[in-house]
Q: 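My questions all concern the structure below.
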Amino acid sequence: MSTEILLIRHGETLWNKLGKFQGSVDIELSEDGRKQAQALKKVLKNDFQAVYASPLTRAMETAHILCEGTSLQAIPCEGMKEINFGAWEGLTFDEIKNNYPEEFNAWRTDEKEGPLVGGDLSLLNASLRAAEAIRTVAEDHQGEKVLIIAHGGIIKAGLIGLFEWKMTMYHHFYVGNTAISKLNFRSTDDPVLESFNDTNHLKDTSFFIV
């Protein structure tokens, strides 16, 4: 009996458009982000048995839209809260690179820890908590389809943790807004990544981004 977990990134925010690291900062969805969530809802067709979400507003708001018309309510999941990027929150990629060159280089090249400046302290810490949260949801909902609404960074970290990849993998794949990444758990310790970063539901909209 397999368990299907859909890891879904929240809809777009203004900071996403500006290219700022949001991390633990609580930013709400933009109007486009709400439209993205509505587009996702149409393809999911209420075909799921439970919904978990990071407690941050952008994830919870996305989850609430997906729960509309069902008897379900989003369950807060602290383990899937976005990576706390510490001193880098509110900055763009280039600003971090220019203002923290040594720390930036270590974050990009360190295979074991992926150190950060404050916050969660490392990608490793984030990957361990996210992987544990995903496994716990899978164990609690065996044989069901469950949504976990979270963030691009913590979804990537969670996959790194589940599959024991090097921390540098974080920098080599991307999760789009409202993208679906599907995990199939044949048992709680045997996850398979069946699909990744599916944003086909956005193709007929003006805000589709490759």
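All values below come from the heavy atoms of this structure, side chains included, with hydrogens, waters and symmetry mates left out.
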Q: Looking at Asp189, Asn184, Thr188, Asp190, which one forms a side chain to side chain donor-acceptor pair (under 3.5 Å) with Arg186?
A: Asp190
Q: Tell me who clusters with Val43, hydrophobic residues only, linked when side chains sit under 4.5 Å apart either directly or through other members.
A: Leu6, Ile8, Leu40, Leu44, Phe48, Val51, Leu66, Leu72, Leu147, Ile149, Ile180
Q: With a 4.5 Å limit on heavy-atom distance, are the side chains of Leu193 and Leu162 in contact?
A: no
Q: Where do Ser127 and Ile160 come nearest, in terms of heavy atoms and distance?
A: CB-CG2, 4.4 Å
Q: Could you tell me if His201 and Thr178 have a donor-acceptor pair between their side chains, going purely by distance under 3.5 Å?
A: yes
Q: Which residues pass the side-chain contact (heavy atoms from CB on, under 4.5 Å) test with Asp26, not counting sequence neighbours?
A: Leu56, Thr57
Q: I'd like to know if Glu31 and Arg34 make a salt bridge, using a cut-off of under 4.0 Å between side-chain N and carboxylate O.
A: yes
Q: Hey, does the side chain of Lys41 reach the backbone of Glu68 with a donor-acceptor pair shorter than 3.5 angstrom?
A: yes
Q: Of the non-hydrogen atoms in Asn16 and Gly11, which two are nearest, and what is the gap between them?
A: OD1-O, 4.0 Å
Q: Which heavy-atom pair separates Asp120 from Ala126 by the least distance, and what is that distance?
A: OD2-CB, 4.4 Å
Q: In terms of hydrophobic clustering (I, L, V, M, F, W, Y; side-chain heavy atoms under 4.5 Å; direct or indirect links), are Val175 and Val192 co-clustered?
A: no
Q: Out of curiosity, Gln142 CD to Phe185 CZ, how far, rounded to the nearest 0.5 Å?
A: 11.0 Å
Q: Does the side chain of Gln36 come within less than 4.5 Å of Glu12's, by heavy atoms?
A: yes
Q: With a cut-off of under 6.0 Å to the ring centre and 45° to the axis, is Lys182 in cation-pi contact with Phe196?
A: no
Q: Verify the cluster assignment for Val117 and Val25: are they in a single hydrophobic cluster under the rule of side-chain heavy atoms below 4.5 Å apart?
A: no
Q: Grouping I, L, V, M, F, W and Y whenever their side-chain heavy atoms are under 4.5 Å apart, do Leu29 and Leu202 come out in a common cluster?
A: no
Q: For Lys97 and Asn105, test the side chains for any donor-to-acceptor distance below 3.5 angstrom and give the result as yes or no.
A: no
Q: Do the side chains of Tyr170 and Ile83 get nearer than 4.5 Å, heavy atoms only?
A: yes
Q: Which one of Phe93, Trp107, Phe104 satisfies the ring pair (Phe, Tyr, Trp, His ring centres under 6.0 Å) criterion with His171?
A: Trp107
Q: So which heavy atom on Trp15 is nearest to which on Phe21, and how close?
A: CZ3-O, 3.7 Å
Q: Hey, quick one: are Leu121 and Leu91 part of the same hydrophobic cluster, counting side-chain heavy atoms closer than 4.5 Å, chains of contacts allowed?
A: no
Q: Using the side chain to side chain contact (heavy atoms under 4.5 Å, CB included) rule, pick out the option among Lys81, Arg129, Arg9 that qualifies with Ile154.
A: Arg129
Q: What distance do Ile27 atom CD1 and His10 atom NE2 have between them, rounded to the nearest 0.5 Å?
A: 10.0 Å
Q: So, does Asn84 use its side chain to make a donor-acceptor pair with the main chain of Gly86 at under 3.5 Å?
A: yes
Q: Starting at SG of Cys77, measure out to CD1 of Ile148 and round the result to the nearest 0.5 Å.
A: 6.0 Å
Q: Taking side chain as C-beta onward, heavy atoms only, is Cys67 less than 4.5 Å from Gln73?
A: no
Q: Please name the pair of heavy atoms, one in Phe163 and one in Pro191, separated by the smallest distance, quoted to 0.1 Å.
A: CE2-O, 3.4 Å
Q: Any ion pair linking Arg58 and Glu28 (charged N to carboxylate O, less than 4.0 Å)?
A: no
Q: Linking I/L/V/M/F/W/Y whenever their side-chain heavy atoms sit closer than 4.5 Å, directly or via other members, would Ile155 and Trp165 fall into one cluster?
A: yes
Q: Do Ile65 and Gln38 come close enough that some side-chain heavy atom pair is under 4.5 Å?
A: yes
Q: Do Lys112 and Leu124 have side chains that approach each other closer than 4.5 Å (heavy atoms only, starting at C-beta)?
A: no
Q: Does the Glu95 side chain pair with the main chain of Thr92, one donor and one acceptor, at a distance under 3.5 Å?
A: yes
Q: Would you say Phe173 and Leu159 make side-chain contact, with heavy atoms under 4.5 Å?
A: yes
Q: Using a distance-only test with no angle check, is there a side-chain donor-acceptor pair under 3.5 angstrom linking Gln22 and Thr13?
A: yes
Q: Could you tell me which residues satisfy side-chain contact (heavy atoms from CB on, under 4.5 Å) with Met60, sequence neighbours excluded, listed by chain and number?
A: Ala53, His64, Ala74, Pro76
Q: Is there a donor-acceptor pair under 3.5 Å between the side chain of Gln49 and the backbone N or O of Lys145?
A: yes
Q: Which heavy atom of Asn197 sits nearest a heavy atom of Ala179, and at what distance?
A: OD1-CB, 3.1 Å
Q: For a side chain to side chain donor-acceptor pair (under 3.5 Å) with Ser24, tell me which candidate from His151, Glu89, Glu82 qualifies.
A: Glu89
